[in-house]
Amino acid sequence: MVVARIVVGAGSVLAMLSLSGCGFLWNCTDSTAERGEADARVEIVDEGGRPVGVTAEVTGWRREPNPQLPEDGDEIHFGIRFEGDGRGRDPAVDACAVDEERVVLGCQTVYSHMDSGRDVTDTGHEYIDADRPERVAEVLLIPNDQSTLDRRTCEDDMKDGGGVHPPDTPTPGDQL
């Protein structure tokens, strides 16, 4: 009879924990969004592939030393323009210097300043440290929004981690 009361009591405690959201097992899954097609002008998309209301465009590029690190030699200096309604977001994209076969020579994540919630144009200039800058044929943008601040995986945080994460920034040698 004592054993029966303990079993019934334990079942009640487990039921209460489950109903309160304090379960013992968290259902957590991680996945990575599919990398969008790289181009010189892209419509930025979220992890679900939905447009965020902002386009990004490479406005030009050239090979030259970064004035802050001239001893490092040539880098790829490029202009970028973000246009649209950020809808409360500051989207970011990966910009990659590629060769004629679209093989990545270097990438840099570029952040916009579009979170005003109205149509805005934001322009800027950035540098990419490319492995072999003399082989760069163009600078391409990857449309996946990289601005997600919470990138905790299930391994990092079983309760609050997981979900769909943006694709990793390409590394030299990857083909776009």
Side-chain angles (χ1 to χ4, degrees), residues 30-153 156 161 163-176:
D30 283 308
S31 63
T32 302
E34 185 175 325
R35 181 178 291 151
E37 182 68 28
D39 205 339
R41 185 177 198 281
V42 296
E43 184 171 14
I44 302 173
V45 296
D46 66 13
E47 293 86 353
R50 295 173 297 274
V52 301
V54 176
T55 59
E57 180 178 12
V58 174
T59 58
W61 67 273
R62 62 186 175 273
R63 192 174 66 233
E64 66 182 20
N66 182 331
Q68 295 178 339
L69 302 165
E71 65 277 3
D72 288 352
D74 283 345
E75 292 186 8
I76 304 304
H77 179 199
F78 68 99
I80 188 166
R81 178 176 44 239
F82 294 93
E83 289 185 305
D85 173 2
R87 299 183 210 159
R89 297 178 75 131
D90 257 345
V93 293
D94 286 329
C96 298
V98 299
D99 68 12
E100 289 183 9
E101 283 84 39
R102 295 173 62 112
V103 173
V104 172
L105 301 171
C107 291
Q108 170 76 34
T109 301
V110 183
Y111 292 83
S112 71
H113 302 285
M114 306 290 294
D115 67 353
S116 63
R118 56 183 163 66
D119 283 345
V120 176
T121 299
D122 176 42
T123 59
H125 290 269
E126 299 287 337
Y127 284 86
I128 297 173
D129 183 15
D131 280 350
R132 297 176 65 194
E134 70 280 358
R135 292 189 51 211
V136 173
E138 61 184 322
V139 174
L140 300 176
L141 304 173
I142 298 172
N144 303 85
D145 186 1
Q146 293 291 330
S147 67
T148 302
L149 297 176
D150 188 359
R151 293 185 184 221
R152 291 177 290 180
T153 64
D156 297 334
V164 181
H165 303 283
D168 291 336
T169 299
T171 57
D174 289 352
Q175 188 161 19
L176 300 181

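Looking at H77 and N66, their side chains never come closer than 4.5 Å, going by heavy atoms from C-beta outward. Side-chain contact between P143 and I44 is absent, with no heavy atoms from C-beta onward closer than 4.5 Å. For the pair L141 and V58, the minimum side-chain heavy-atom distance is below 4.5 Å.
Applying the side chain to side chain donor-acceptor pair (under 3.5 Å) test to E37 and every residue at least two apart in sequence or in another chain returns R102. Remark: T59 pairs with no residue by the side chain to side chain donor-acceptor pair (under 3.5 Å) rule, at least two apart or across chains. For T169, the side chain to side chain donor-acceptor pair (under 3.5 Å) partners are D94, not counting sequence neighbours. Every residue two or more places apart in sequence or in another chain that forms a side chain to side chain donor-acceptor pair (under 3.5 Å) with D46 is listed here: R50.
With rounding to the nearest 0.5 angstrom, the CG atom of L140 is 10.5 Å from the CH2 atom of W61. Taking CD of Q146 as the reference point, atom CD of E47 lies at 8.5 Å (rounded to 0.5 Å). Taken to the nearest 0.5 Å, the CZ atom of R81 stands 8.0 Å off from the OG1 atom of T55. Rounding to the nearest 0.5 Å places OH of Y111 at 11.0 Å from CD of E126. Rounded to the nearest 0.5 Å, atoms SG (C96) and CG (D174) are 8.5 Å apart.
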Q: Walk me through it: do V93 and T109 pass the test side chain to side chain contact (heavy atoms under 4.5 Å, CB included)?
A: CA-CA 6 Å; V93 293; T109 301; over 6 Å; no
Enumerate donor-acceptor pairs with a distance under 3.5 Å from any side-chain N or O in residues 127-137 to protein atoms, sequence neighbours excluded.
residue	atom	partner	partner atom	Å
Y127	OH	E64	OE2	3.0
R135	NH2	D99	OD2	2.8

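Taking each heavy atom of D90 and S147 in turn, the nearest pair found is O-CB, 3.1 Å. For the pair V104 and P170, the tightest heavy-atom approach, listed with the atom from each and the gap, is CG2-CB, 4.0 Å.
The main-chain N or O of P91 is never found under 3.5 Å from a side-chain atom of D145 such that the two would form a donor-acceptor pair.
The stretch residues 70-80 participates, sequence neighbours left out, in these salt bridge (Lys or Arg N to Asp or Glu O under 4.0 Å) pairs: R63-D74.
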